[in-house]
Undergrad: 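A single structure is presented below for examination.
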Amino acid sequence: MIDVAEMQPRAGMSKNKFTPLAHEIFTLKKQLNAVILAHNYQVPEIQDVADFVGDSLGLAQQAAKTDADVIVFCGVHFMAETAKILNPNKIVVLPDRDAGCSLEESCPAEKLAALQATNPNFWTIAYINCSAAVKALCDVIVTSGNAEKIVNAAPKDRDLLFVPDENLGQWVMEQTDRKMTLWKGNCYAHVEFQREQVLAAKRQFPDAKIIVHPESLREVRDLADAVCSTEKMITFCKNDSAKRFVIVTESGIIHRMQKECPEKEFLCAPVFNAMKLPTDGCRCSECKFMKMNTLEKVRDCMKNLAPRVELPKEIIERARLPMERMLEISAR
Ligand code: 13P
Ligand code: SF4
């Protein structure tokens with residue numbers, strides 16, 4: 001996770017680097033005693049005004065320890081809900097209430113409860129990309145950054161049920177040798193990446209390392225030099241000796257990679273033109289939900305303190321336990 005607070009004007013960077021809109025956001029941030037958390041998939045101008053930019057795990061960890069009064073969550077709705085579960089007494093706002101997630105949509109709480117009722121020995125593990133109501137039904141939460149560790153720590157005498165991402169679940173089964181019943185949800189953006197496209201990239205750039213997010217299909221993961229969460233992707237590229245990488249995930253991450261490793265080259269899958277953008281008309285390297293957020297909407301949600309995340313007290317209480325279990329196991 002990058003702490004970009006240093007990049008803001010008060011840390012001595014050139015004031016000209018930021019637009020008047022960004023300055024308005026810095027002023028609001030001070031007035032509200034707010035913290036701005038942004039996912040690695042956000043547009044560059046949002047990443048650049050955030051206090052922290054990171055993956056789902058890093059952002060949950062930041063939300064758990066913040067002493068700000070207002071959390072401005074620049075990501076998708078389930079992430080802002082997660083921050084609210086960890087901070088029931090704080091105000092949590094997000095730039096666009098409709099920024100959802102296909103994984104969250106695939107797993108309604110009533111359907112999960114019906115499946116759980118078929119086996120009282122289920123130990124339910126939920127990928128963080130799900131609603132607060134689903135989290136409230138689960139034993140533990142995982143992110144792509146800690147799923148392997150948390151599944152390894154699951155009770156050996158329980159039948160594991162993993163929801164809602166079938167692809168991440170398959171990958172975790174391969175890493176841990178624990179058998180799990182998998183919910184059949186997927187990330188609509190990551191399943192668009194095809195084996196043929198990655199093979200073409202390998203032919204075009206034989207010196208490049210292929211870095212793949214575990215929400216991708218197995219046929220694509222099998223071609224990877226590294227399969228990991230967005231934060232671990234950045235660490236891998238920083239530490240690896242390769243000079244060129246093909247990144248198989250949402251394109252927003254390229255901004256941080258280029259900023260943190262200016263001497264290396266990052267190519268956004270699937271295929272590229274001179275501008276390093278996909279050439280086949282396919283928009284699969286963009287998540288339409290993550291891209292609903294704009295800098296104007298960040299300013300507006302801070303001005304209006306809306307849209308605001310509100311959750312029933314009993315959901316917060318029940319969802320907090322599996323979230324805290326995740327944070328505790330992650331810290332071991
Ligand atoms: P991470 O950043 O945790 O790897 O998650 C990716 C993602 O798709 C979030 O919605
Ligand atoms: Fe959901 Fe996929 Fe978008 Fe992540 S990239 S928010 S998993 S739809």
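Position 1 is the first residue of the sequence; numbering continues from there. Remember, it's 1-based here, ligands and their atoms both numbered in the order they're listed. The structure presented is a predicted model; accordingly, all values stated were derived computationally and were not measured. Only heavy atoms go into these numbers, but all of them, side chains included; no hydrogens, no water, no symmetry mates.
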Undergrad: Given that the side chain starts at C-beta and the backbone is N, CA, C, O, which of these parts of Thr143 lies under 4.0 Å from ligand 1, counting heavy atoms, or is it both or neither?
TA: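 Neither part.
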Undergrad: Which is closest to atom 2 (Fe) of ligand 2 by heavy-atom distance: Cys187, Ser285, Ser56?
TA: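 Answer by nearest heavy atom: Cys187.
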Undergrad: Could you tell me whether ligand 1 has any atom less than 4.0 Å away from a heavy atom of Ser144?
TA: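 Yes.
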Undergrad: Using a distance-only test with no angle check, is there a side-chain donor-acceptor pair under 3.5 angstrom linking Tyr41 and Thr249?
TA: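 Their side chains do contain a donor-acceptor pair, which is all the 3.5 Å distance test asks for.
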Undergrad: So which heavy atom in the protein is nearest atom 7 (S) of ligand 2, and how far is it from that ligand atom?
TA: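 Ranked first by proximity to atom 7 (S) of ligand 2 is Asn129 ND2, 3.1 Å.
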Undergrad: Classify the angle between the aromatic ring planes of His190 and His213 as parallel (below 30°), tilted (30 to 60°) or perpendicular (above 60°).
TA: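 Ring orientation of His190 relative to His213: tilted.
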Undergrad: Strictly under 4.0 Å, does any heavy atom of Ala189 approach an atom of ligand 2?
TA: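 Contact check Ala189 vs ligand 2: negative.
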Undergrad: Give the contacting part of Glu250 toward ligand 2: side chain, backbone, both or neither, where contact means a heavy-atom distance below 4.0 Å.
TA: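 For Glu250, there is no contact with ligand 2 at all, from either part.
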Undergrad: So is Asn129 touching ligand 1 or not, going by heavy atoms under 4.0 Å?
TA: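 Contact check Asn129 vs ligand 1: positive.
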Undergrad: Determine whether more than 12 heavy atoms belonging to other residues, nucleotides or ligands lie under 6.0 Å from atom NZ of Lys156.
TA: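 Yes, NZ of Lys156 has more than 12 neighbouring heavy atoms, counting only those of other groups under 6.0 Å.
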Undergrad: Side chain, backbone, both or neither: which applies to Glu231 and ligand 1 if a contact is any heavy-atom pair less than 4.0 Å apart?
TA: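 The answer is neither.
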Undergrad: Give a yes or no on whether Cys287 keeps an N, O or S atom under 2.8 Å from atom 2 (Fe) of ligand 2.
TA: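 Cys287 does not place any N, O or S atom closer than 2.8 Å to atom 2 (Fe) of ligand 2.
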Undergrad: Counting only nitrogen or oxygen atoms and a 3.5 angstrom limit, does Glu215 reach ligand 1?
TA: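 Yes; at least one N/O pair falls below 3.5 Å.
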Undergrad: Answer yes or no: are there more than 12 heavy-atom neighbours, outside Asp67 itself, under 6.0 Å from its atom CG?
TA: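 Atom CG in Asp67 is not crowded, with 12 or fewer foreign heavy atoms closer than 6.0 Å.
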Undergrad: What about Asn40: any of its N or O atoms under 3.5 Å from an N or O on ligand 1?
TA: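 Checking ligand 1 against Asn40, no N or O pair falls under 3.5 Å apart.
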Undergrad: In terms of hydrophobic clusters joined by side-chain contacts under 4.5 Å, are Phe52 and Met290 together?
TA: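 Yes, same cluster.
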Undergrad: Can you tell me which residue and heavy atom of the protein come closest to atom 1 (Fe) of ligand 2, and the distance to 0.1 Å?
TA: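 Nearest protein contact, heavy atoms only, for atom 1 (Fe) of ligand 2 is Cys101 SG, 2.4 Å.
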Undergrad: His39 pairs by side-chain contact (heavy atoms from CB on, under 4.5 Å) with which of Val53, Ile253, Thr230, Val76?
TA: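 For His39, the side-chain contact (heavy atoms from CB on, under 4.5 Å) check succeeds only for Thr230.
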Undergrad: Is His39 close enough to touch ligand 1? Criterion: a residue heavy atom under 4.0 Å from a ligand atom.
TA: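 Contact check His39 vs ligand 1: positive.
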Undergrad: I'd like to know if Met79 contacts ligand 1, where contact means a heavy-atom distance under 4.0 Å to any ligand atom.
TA: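 Distance cut 4.0 Å: Met79 passes for ligand 1.
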Undergrad: Output yes when a side-chain donor or acceptor of Gln47 lies under 3.5 Å from a complementary backbone atom of Gln42, and no otherwise.
TA: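 Checking the backbone N and O of Gln42 against the side chain of Gln47, a donor-acceptor pair under 3.5 Å is found.
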Undergrad: Looking only at distances, please establish whether an N/O atom of ligand 1 is found under 3.5 Å from an N/O atom of His213.
TA: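 Such a contact does occur with ligand 1.
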